[in-house]
Amino acid sequence: MKVILNVDVKHLGEEGDVKNVANGYARNYLLPRNLVVVYNETTAALFEARKAEIEARKEVKRQNARSLKEKLEATELVIEMPAGANGKLYGSVTTTVIAEALAKQGFDIERKRIELPGLAIKSVGTYHASVKLYEAAVAEVQIAVKAQEEPVAASKAETKKEEKKAEETAPAAEEKAE
């Protein structure tokens with residue numbers, strides 16, 4: 001069935017696009033929700049009259065995508081993860097971790113829009129991730145993955161605990177010897 005989209009429909013298209021969809025999809029999902037109208041001469045003329053308005057909205061989205069791309073490419077994400085001495089991470093940096101780090105910096109980007117080389121980052125280093133924005137706009141984000149430093153206070157506390165245990169076990173060992 002040939003339809004014209006009333007609004008942007010994810011995985012189908014944008015407002016004003018003419019698409020061929022399955023009859024059942026149109027009849028059972030799209031039409032009851034007023035997401036589309038059936039394509040005919042009348043509806044085509046109606047959308048032709050609204051074409052300038054629709055293009056203006058698309059241009060605003062393109063401008064927003066360009067400005068977001070510039071901001072994303074100017075930022076460098078620094079992600080600290082626990083790692084071994086050889087630089088291999090105990091966990092991994094995934095698109096979810098990157099989306100959360102971007103959210104902390106004020107960017108609202110879905111994890112599905114982020115692409116990593118490979119499935120995940122598993123070692124310390126500098127990497128690049130692609131973020132899909134609007135239409136063909138893609139931003140390259142630089143990610144620096146660093147090993148998480150152990151807090152000095154925590155390591156000193158552990159050393160003191162070990163010394164205390166050694167002191168407690170030493171007198172017990174002397175009593176047994178007697």
Side-chain angles (χ1 to χ4, degrees), residues 1-39 43-44 46-48 50-83 87-148:
M1 177 182 288
K2 203 169 187 181
V3 295
I4 302 175
L5 301 178
N6 269 337
V7 294
D8 295 352
V9 179
K10 200 171 196 176
H11 305 296
L12 188 59
E14 295 182 333
E15 181 180 11
D17 290 352
V18 177
K19 297 287 182 174
N20 277 322
V21 295
N23 290 341
Y25 181 49
R27 198 173 42 247
N28 297 324
Y29 182 78
L30 298 173
L31 287 170
R33 289 171 176 78
N34 291 326
L35 300 175
V36 298
V37 292
V38 178
Y39 181 85
T43 56
L46 179 78
F47 274 92
E48 195 63 39
R50 290 179 41 199
K51 192 169 192 152
E53 177 187 328
I54 294 169
E55 275 304 314
R57 275 188 247 156
K58 287 182 181 182
E59 187 57 38
V60 169
K61 289 180 186 179
R62 286 185 199 108
Q63 290 291 341
N64 291 341
R66 280 188 218 118
S67 66
L68 184 59
K69 178 180 177 180
E70 291 172 5
K71 290 177 186 175
L72 281 173
E73 289 180 344
T75 61
E76 179 181 349
L77 284 179
V78 178
I79 299 175
E80 290 189 1
M81 297 284 289
K88 189 168 178 142
L89 299 178
Y90 290 131
S92 63
V93 177
T94 60
T95 56
T96 306
V97 174
I98 294 170
E100 289 171 359
L102 285 170
K104 287 179 184 175
Q105 291 192 3
F107 297 105
D108 184 30
I109 296 176
E110 298 173 358
R111 67 173 179 81
K112 294 177 183 178
R113 293 177 173 254
I114 301 170
E115 288 185 359
L116 287 172
L119 296 175
I121 299 171
K122 297 188 179 194
S123 60
V124 174
T126 304
Y127 299 91
H128 293 282
S130 301
V131 179
K132 291 181 182 177
L133 301 172
Y134 182 73
E135 291 178 340
V138 177
E140 290 291 323
V141 179
Q142 188 172 357
I143 302 168
V145 179
K146 296 184 178 181
Q148 197 173 43

Do [X] and [Y] have side chains that approach each other closer than 4.5 Å (heavy atoms only, starting at C-beta)?
| X | Y | result |
| --- | --- | --- |
| Ile79 | Lys146 | no |
| Asn6 | Phe47 | yes |
| His128 | Ile143 | no |
| Phe107 | Leu72 | yes |

Of Asp8, Leu5, Val3, the residue whose pairing with Asp17 passes side-chain contact (heavy atoms from CB on, under 4.5 Å):
Leu5
Please say which of Ile4, Leu30, Leu31, Thr43 ends up in a side-chain contact (heavy atoms from CB on, under 4.5 Å) with Val38.
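Option passing the side-chain contact (heavy atoms from CB on, under 4.5 Å) with Val38: Leu31.
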Within 6.0 Å of [atom1] in [X], more than 12 heavy atoms from elsewhere:
| X | atom1 | value |
| --- | --- | --- |
| Lys122 | NZ | no |
| Asn20 | CG | yes |
| Lys58 | NZ | yes |

Separation between [atom1] of [X] and [atom2] of [Y], rounded to the nearest 0.5 Å:
| X | Y | atom1 | atom2 | result |
| --- | --- | --- | --- | --- |
| Glu73 | Leu68 | CD | CG | 10.0 Å |
| Lys112 | Thr96 | NZ | OG1 | 10.5 Å |
| Glu55 | Glu15 | CD | CD | 10.5 Å |
| Thr94 | Ile121 | OG1 | CD1 | 9.0 Å |

Using modelled atom types and a 3.5 Å cut-off, is there a donor and acceptor pairing between side-chain atoms of Arg111 and backbone atoms of Thr95?
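A pair under 3.5 Å: no.
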Arg33 (side chain) donor-acceptor with Tyr29 (main chain) under 3.5 angstrom:
yes
Heavy-atom pair with the smallest gap, counting every atom of [X] and [Y]:
| X | Y | result |
| --- | --- | --- |
| Ala147 | Val124 | N-CG2, 4.0 Å |
| Ile114 | Ala129 | CG2-CB, 4.3 Å |
| Ala26 | Val21 | CB-CG2, 3.7 Å |
| Tyr39 | Ala44 | CE1-CB, 3.8 Å |
| Val138 | Lys69 | O-CE, 3.2 Å |
| Ala65 | Leu133 | O-CD1, 3.5 Å |

Check the side chains of Glu140 and Ser130 for a donor-acceptor pair under 3.5 angstrom, ignoring hydrogens and angles.
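Yes, because at least one side-chain N or O of Ser130 sits under 3.5 Å from a partner of the opposite role on Glu140.
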Below 4.0 angstrom, N of the basic side chain to O of the carboxylate: do Arg66 and Glu59 qualify?
yes
Do the side chains of Glu100 and Lys104 get close enough for a salt bridge, i.e. N-O under 4.0 angstrom?
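No.
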